[in-house]
Amino acid sequence: MFGAKFNPEEVIARAHALFVILDAELAQRDWLVGEQVTIADIALYSYTAHAPEGNVALDAYPHIRAWLARIEALPGFVAMPATAAGLRA
């Protein structure tokens with residue numbers, strides 16, 4: 001998106017390695033820290049929700065998808081617009 005040079009396979013593999021850990025953590029609780037939504041959840045939401053735009057599918061991560069849905073259900077939630085890459089997907 002920003003013209004940075006990177007190895008797509010390496011970046012996608014790193015994202016999946018992170019999502020395996022994140023999914024396991026979210027299997028144990030609804031939010032990243034504590035018993036309610038925090039800035040940690042809000043900060044990580046957009047990067048995670050838009051991962052499919054970078055060819056990182058979320059299909060294998062049911063707890064991440066449920067966490068995304070919990071954030072989207074919060075009062076006042078406004079989604080970040082898709083990037084041009086996401087609009088082509």
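Applying the side chain to side chain contact (heavy atoms under 4.5 Å, CB included) rule to Asp59 yields the partners Ala57; only residues at least two apart in sequence or on another chain are considered.
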Inset, instruction - With side-chain contact (heavy atoms from CB on, under 4.5 Å) as the test, would you mind laying out the steps for Leu32 and Leu26 before giving the verdict? - result: CA-CA 7 Å; Leu32 296 175; Leu26 289 168; 3.9 Å; yes

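In this structure, Ile39 is a member of the same hydrophobic cluster as Leu74, with clusters built from ILVMFWY side-chain heavy atoms closer than 4.5 Å. Cluster annotation: Val20 is connected to Leu68 through the hydrophobic network of ILVMFWY side chains, with a link wherever side-chain heavy atoms come within less than 4.5 Å. Both Ile64 and Phe77 belong to a common hydrophobic cluster when Ile, Leu, Val, Met, Phe, Trp and Tyr are linked at side-chain heavy-atom distances under 4.5 angstrom. Placement of Leu44 and Val33 within a single hydrophobic cluster is found when ILVMFWY residues are connected by side-chain heavy-atom separations under 4.5 Å, directly or transitively.
Between the NE2 atom of His63 and the CD atom of Glu25 there is a distance of 11.5 Å, given to the nearest 0.5 Å. Distance CG/Asn55 to CD/Glu53: 10.0 Å, rounded to 0.5 Å.
Crowding of Gln28 atom CD: a count of heavy atoms from other residues, nucleotides or ligands under 6.0 Å exceeding 12.
Side-chain contact annotation: Asp41 with Trp67, donor-acceptor N/O pair under 3.5 Å present.
Among residue pairs with one or both ends in residues 69-82, those qualifying as side chain to side chain donor-acceptor pair (under 3.5 Å) are Tyr45-Glu72; sequence neighbours excluded.
When all heavy atoms of Ala60 and Arg65 are compared, the closest pair comes out as N-NH1, 4.1 Å. Shown here for Tyr61 and His16, the closest heavy-atom pair between the two residues is OH-ND1, 2.6 Å. Across all their heavy atoms, Leu58 and Ala51 have their closest contact at CD2-CB, 4.4 Å.
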